[in-house]
Amino acid sequence: MFPTYDQLNLPEVDKQILEFWEKHDVFNRSIEERDVENSFVFYEGPPSANGMPGIHHVMARTIKDIFCRYQTLTGKRVERKGGWDTHGLPIELKVESELGITKEDIGTKISVDDYNKACKETVMRFKGVWDDITKKMGYWVDLENPYVTYEKEYMESVWWLLKQIYDKGLMYKGYTIQPYSPAAGTGLSSHELNMPGAYQDVSDTTVVAMFKTKKEAASSWLFSLPVMAPPVEDEDGGAAAGAMGSQDSNEVHIIAWTTTPWTLPSNTALTVGPKIEYVKVRTKNQYTGEANDVVLAKELVSKWFGGHNQPTIEAISEPFPGEKLVGISYEQLLEGPSPTDGDAFRVIPGNFVTTDAGTGIVHTAPSFGQDDMAVGKANGIGSLTLVDKQGKFTDDAGQFAGRYVKDYKNDPDYKDVNVDIAIHLKTVGLAFNVAKYNHSYPHCWRTDKPVLYYPLDSWFIKASAVKERMSALNDTINWQPESTGTGRFGKWLENLNDWNLSRSRYWGIPLPIWRSECGTEEVCIGSIAELQTAIDLANKELGLDQSVPKDLHRPYIDEVVLFQNGKKLVRELDLIDVWFDSGSMPYAQWHYPFENKDKFDRVFPADFIAEGVDQTRGWFYTLHAIGTMVFDSVAYKNVVSNGLVLDKNGKKMSKRLGNAVDPFETIDTYGADATRWYMISNANPWDNLKFNEEGIQEVRRVFFGTLHNTYSFLALYANIDNYDPADSANSLKWKDYPEIDRWILSRLNTLTKEVTALYEAYDATPACRAIENFVNAELSNWYVRQCRRRFWKGEMTTDKRAAYNTLYGCLLQVARLMSPVAPFYAEQLYQNLKGAAAGASNVEGAMANSVHLDILPGVDESQIDKDLETRMSYAQRISSLTLSLRKADNLRVRQPLQKILVPATDADFQNHVTAVADIIKSETNIKEVEFLTDGDFLKKSLKPNFRVLGKKVGKRMKDVAALIGANADAVIKGIESAGEATLSLDGEDLILTAEDVLIATEDIPGWKVASDGEITVALDVTVTPELAKEGLARELVNRIQNIRKDLDFEVTDRIRVRLQGSSAVEEAATAFKAYISTEVLADSLVLDGDVDGEALELPGEETATLAVSRV
RNA sequence: UCCGACGUAGCAUAACGGUUAAUGCACUCGCCUGAUACGCGAGCGAUUAUUGGUUCGAAUCCAUUCGUCGGGACCA
């Protein structure tokens, strides 16, 4: 028996199938039953379980699931180890907020040990919820044995990888400028800086400081550079040059703007744009009134001079390029030390300089800016770091020593040192301008104090040294979409910077590097065994009693002291960037190389990975970088990066806006399959998805509803007929299948071919759409509709068996094809179909079948018949045209009509249509299809085929089109009689063949016609009395069927009918008694002058009263 | 500010540089139903975001501006 259902309930299907999968261990079997040697390798990017899963996770995981299930369906073994990302900043922050502590408290109010314990507990807090959504959405991944990045084995593999990189000379320790929060005592990641609210509008004291140039060989030209009075606009609006009044400068000051005056004591250079034009301006200092010659960018002169409360220009020089200033030395602005690590106090070039703000000259303090650092280094400039990590000036900072550069302590008596610096500069005549300035500046999101950029020691991976290799390997990766690989990822690789690996934090994998205090001795540990050996040596040399800590996290590992070449080594306190953790998963998930060495060859690299596009510079990169550096290999061969899931208005989902979609609610309401199908079929995964519940409803109704009804149709009649797909009586020869069966089977095989190719290409969206189209338009709406009668008429004939076999086979294959995307419903459908076969009547046996254990049968090319597909499309189009003609004349379909006329311009077309004429006749309720072959009788139209002809004639296309239009009749005649026509264009012969033009019949004189492209149909609208009678008979059938339905009769019930009606009705009933009786399963149909039944109105003002009863 | 993606009817999506920009949903009218929460026919609805260019021909290629989103940089 085929199970039947009242209505489709997808959430209920989910429940039943989940239970089934669990009971029969289907997931494991789908892996274990496949050959190890035939593996498809998938890597699961580890989510962090410290937050709730969102609908976007359902999206990302659906993509992963689809291709893994598809590969399983083709017979591959697809192991899917789950994983958890457990380290990192978000976890630290969560712990800190829950414990009510800050980073500063770690080690004082709370021990590092306890802190890490809290992190470990927090990180898996939502594991249960994650496991739940994973299960409910039907994502198959091994949750029993996941890799966890905080586990010792995982950490050991990470150490090993790092050591490989270290041994290749790809690691170094360096100094970089990083965002740093003195108030919190920690460096900040860019992630923290980008948190909402991090950038705040503040009003800062800004200073334009004057740097006094030294008069020497390099600068003498500047002192003697002539200035002249500024142009004065004359009455005509033109400019008149002022009189020459130049005299050499006594002093020249280069002026530079800063919003952070506290960096001025640490100034070591001034940066100019080499191509930017600068001028020397003679003016008076507005604070001291002294004569003053200053240098700034020409474009910015008007910004600082001539306005309200601004100095006036007394004279100005011709512009000169910035590169002339390069090399000029100046006096240190504020007294203090000179740098020991390079030159200082001279003008250097930098391409980052703009004339958007300030003076076009950048005050450069390499310790406090990334650009400053870079440009300083490039020009041999040293640095001064006159601010300590608490955010106060060091003892070297002269009169400002000991003062906080910002109010980090919430000191009620805090006096802004920036203001004092400004006042001081005014006093000594080195301030050109002091003003308040509103701008947005990053703040530490937790302490709400301004961040400062500070030089911090870091460990780097020299990724830039292998960027060519990374690019080359990247070229072999199949990116979906391609543009992410070549563009976002590829371009980024080309301009790759070194990877800043270290993080000054507590909860993460410690850097396995130990160093002597002087930095001359250094060791990188690559395994626990190595650590053991090193510890043994240190114990011996230093007389200690250390052992390898049970937990490799801080603080235990920090206590380990090593020994090398007579020196004591202590661990570098930093942790490894958590991105390195996740990039290590191909190896660390198997504890490679300490275990699973054999297995590793089989599971590296991955055939397929998928994540959100935001992982491009995250996981996609770290996998690629480690794979390249350690194994000189890609880590993955195919990668799908999906876009964002937005709300239905295209806004980002966020808890704050309340527009976040709860994945549990969605799946509970609509079922996992409708949700998955919607997300994949609606838009390509890499385009952003505007998530709209109405879309899911549509999918549920239109696709799943139709499919379910198609199945129910089969089930209804198959159960009546006891159809058994496994019965040998049903095994038929190909010749037993009629045209329509062959057609749908041809389409089915074509579909299989298309869908398979699309899945192979990691392109699921068109695959879904193709399946949808097949189910809706072809299987349900055409095949089943055409074949209804075959299922319910009479007893089991060969034709009926063929219909059952065909529909059954289509549904079974659809179940397989859709199973990667809609694993639940596909499973139910498959089991219902398989379970109905004899021999599967034992329920356990039937249920043990699973579509996910099946192997997709290959395409049967012999069943693909393109010619047949063409024929059927003619049938559909002609039917559609005929129905449209009926509509125009208000001739309802139940009214039979005599014939349609179809002009046939060639024999091929006529043969094609003849083959499907029966289908057209039954679909449109007409009796004959007649062909018109008399060419002269038809009116034809001619259009050039632009695509073909355009290639041939190129730019003369327009003329050719006009020419063809003017000679339409001749061309048609020529092509129809001789196969070609010759036109003359500019004295040249132009030969047109049949493919160069499109000929269509447009009209049949004297008939009402409709046309669609090259097909034209005319309908004979004459209703003869005989036809009218038949029409009435069909009306009666329709009414009686409705009554049967209203009375809830079974479709097999026999009935008796008594009828009373107008004379036309009674005549029709008499004439078509046999027909009516067969149609409605009536044992008797009698005319009765006194019927007590339902009174009905029929078309043409006819009436009838009907009484129907069961036999 | 830089880099990238995207912008087609009320909504969601199509359209190897080629004829009148297609399909589904929604809406209106009609029809069909012995499977259907289906379907069929007709209608409604688009300056293909903008401006310019290349081309015989542009939704498609190039450039521009605007908008949405993402990634990065910077705020001296």
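Every chain is numbered from 1, with letters handed out A, B, ... down the list of sequences.
One can place OH of A/Tyr1075 at 12 Å from C1' of B/G34, the figure rounded to the nearest angstrom. At whole-Å resolution of the value, CD in A/Gln876 and P in B/G41 are 10 Å apart. Distance A/Asp721 CG to B/A35 P: 14 Å, rounded to the nearest Å.
Nucleic acid contact for A/Arg788: base, since at least one base atom lies under 4.0 Å from a heavy atom of the residue. Among the protein residues, A/Asn684 comes within range of the sugar-phosphate backbone only, with heavy atoms under 4.0 Å from sugar or phosphate atoms but none that close to a base. If you check every strand for non-hydrogen atoms under 4.0 Å, A/Leu1081 touches a base. Within 4.0 Å (heavy atoms only), A/Ser712 reaches no atom of the nucleic acid at all. Here A/Thr263 lies out of heavy-atom contact (under 4.0 Å) with every strand. Residue contacts shown for A/Val960 are absent, as no nucleic acid heavy atom lies under 4.0 Å away. A/Ala683 comes within 4.0 angstrom of sugar-phosphate atoms only, judged by non-hydrogen atoms across all strands, and of no base.
In this structure, A/Asn781 reaches the B/C40 phosphate: one of its side-chain N or O atoms is under 4.0 Å from OP1 or OP2. Under 4.0 angstrom from either OP1 or OP2 of B/A14 there lies at least one side-chain N or O belonging to A/Arg769.
Relative orientation of the A/Phe791 and A/Tyr717 rings is tilted, given thresholds of 30° and 60° on the angle between their planes.
Side-chain polar atoms of A/Thr364 and A/Thr271 form a donor-acceptor pair below 3.5 angstrom. Between the side chains of A/Glu698 and A/Tyr678, no donor N or O sits under 3.5 Å from an acceptor N or O.
Note: A/Phe620 and A/Phe489 fail the aromatic proximity criterion, with ring centroids not under 6.0 Å apart.
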